[in-house]
Amino acid sequence: MNKMIAIVNVIAWAGFWAFGYLALTAESYSETQVVTAALLASAGLITGIIAYLRLVRGSERSGYARPSARMTREQRDAAQAQWGQVE
């Protein structure tokens, strides 16, 4: 499944850059073509971000990558309480 998500990620980012370039450098295109290119670029951007985040989550779960350093709510509250007492 990760390989399929990785392929989708690459295709999405390639579409973002290709259609984004077309939308930004269009001189002789009609307004409809520019809007279509911009919409396809934004779809590639959104799809690429979602696919990348799923790959990161999957690699953390599998142990391939270290889990991100997240604090629990209790740890955050304790740190905040200590920070308030320093004053």
Side-chain angles (χ1 to χ4, degrees):
M1 188 65 160
N2 278 344
K3 288 182 182 182
M4 184 181 76
I5 295 172
I7 291 170
V8 168
N9 188 23
V10 169
I11 292 171
W13 283 112
F16 165 71
W17 287 109
F19 289 112
Y21 177 78
L22 287 175
L24 291 175
T25 61
E27 291 181 11
S28 62
Y29 297 131
S30 69
E31 186 176 334
T32 305
Q33 290 173 324
V34 173
V35 169
T36 303
L39 289 174
L40 289 172
S42 63
L45 175 69
I46 293 168
T47 306
I49 290 173
I50 291 170
Y52 175 75
L53 292 175
R54 286 190 180 199
L55 284 173
V56 169
R57 188 183 316 151
S59 64
E60 286 177 352
R61 279 191 205 139
S62 70
Y64 185 72
R66 284 186 329 184
S68 55
R70 296 187 183 137
M71 298 174 108
T72 63
R73 179 178 294 272
E74 292 80 22
Q75 291 172 331
R76 244 190 344 260
D77 290 342
Q80 185 68 28
Q82 287 178 353
W83 185 65
Q85 293 173 357
V86 173
E87 297 174 12

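Values below: every heavy atom of this structure, side chains too, minus hydrogens, waters and symmetry copies. This chain uses plain numbering: 1 for the first residue, then up along the sequence.
Through direct or indirect side-chain contacts shorter than 4.5 Å among Ile, Leu, Val, Met, Phe, Trp and Tyr, Leu24 is connected to no other residue. Counting Ile, Leu, Val, Met, Phe, Trp and Tyr side chains that sit under 4.5 Å apart, directly or through other members, Ile50 shares a hydrophobic cluster with Ile46. Cluster partners of Leu39, using a side-chain heavy-atom cutoff of under 4.5 Å among ILVMFWY residues and allowing indirect links, are Val35. The hydrophobic cluster containing Leu22 also includes Phe19, Tyr29, Val34, Leu40, under a criterion of side-chain heavy atoms closer than 4.5 Å among ILVMFWY residues, counted directly or through chains of members.
Ala23 meets the side chain to side chain contact (heavy atoms under 4.5 Å, CB included) test with Ala37, Ala38; sequence neighbours excluded. The side chain to side chain contact (heavy atoms under 4.5 Å, CB included) test applied to Thr72 returns Glu74, Gln75, not counting sequence neighbours. Listed by chain and number, the residues in a side chain to side chain contact (heavy atoms under 4.5 Å, CB included) with Arg76 are Met71, Arg73 (sequence neighbours excluded). Legend: residues meeting side chain to side chain contact (heavy atoms under 4.5 Å, CB included) with Met4, ordered by chain and number and at least two apart, are Met1.
Counting only residues at least two apart or in different chains, side chain to side chain donor-acceptor pair (under 3.5 Å) contacts with residues 30-39 are absent. Contacts classified as side chain to side chain donor-acceptor pair (under 3.5 Å) and involving residues 13-27 (residues at least two apart or in different chains) are given here: Asn9-Trp13.
Connection of Ile49 to Val8 is not established within any shared hydrophobic cluster, with ILVMFWY side chains joined at heavy-atom distances below 4.5 Å, either directly or through further cluster members.
Of the possible donor and acceptor atoms, one in the side chain of Ser59 sits under 3.5 Å from a partner among the backbone N and O of Val56.
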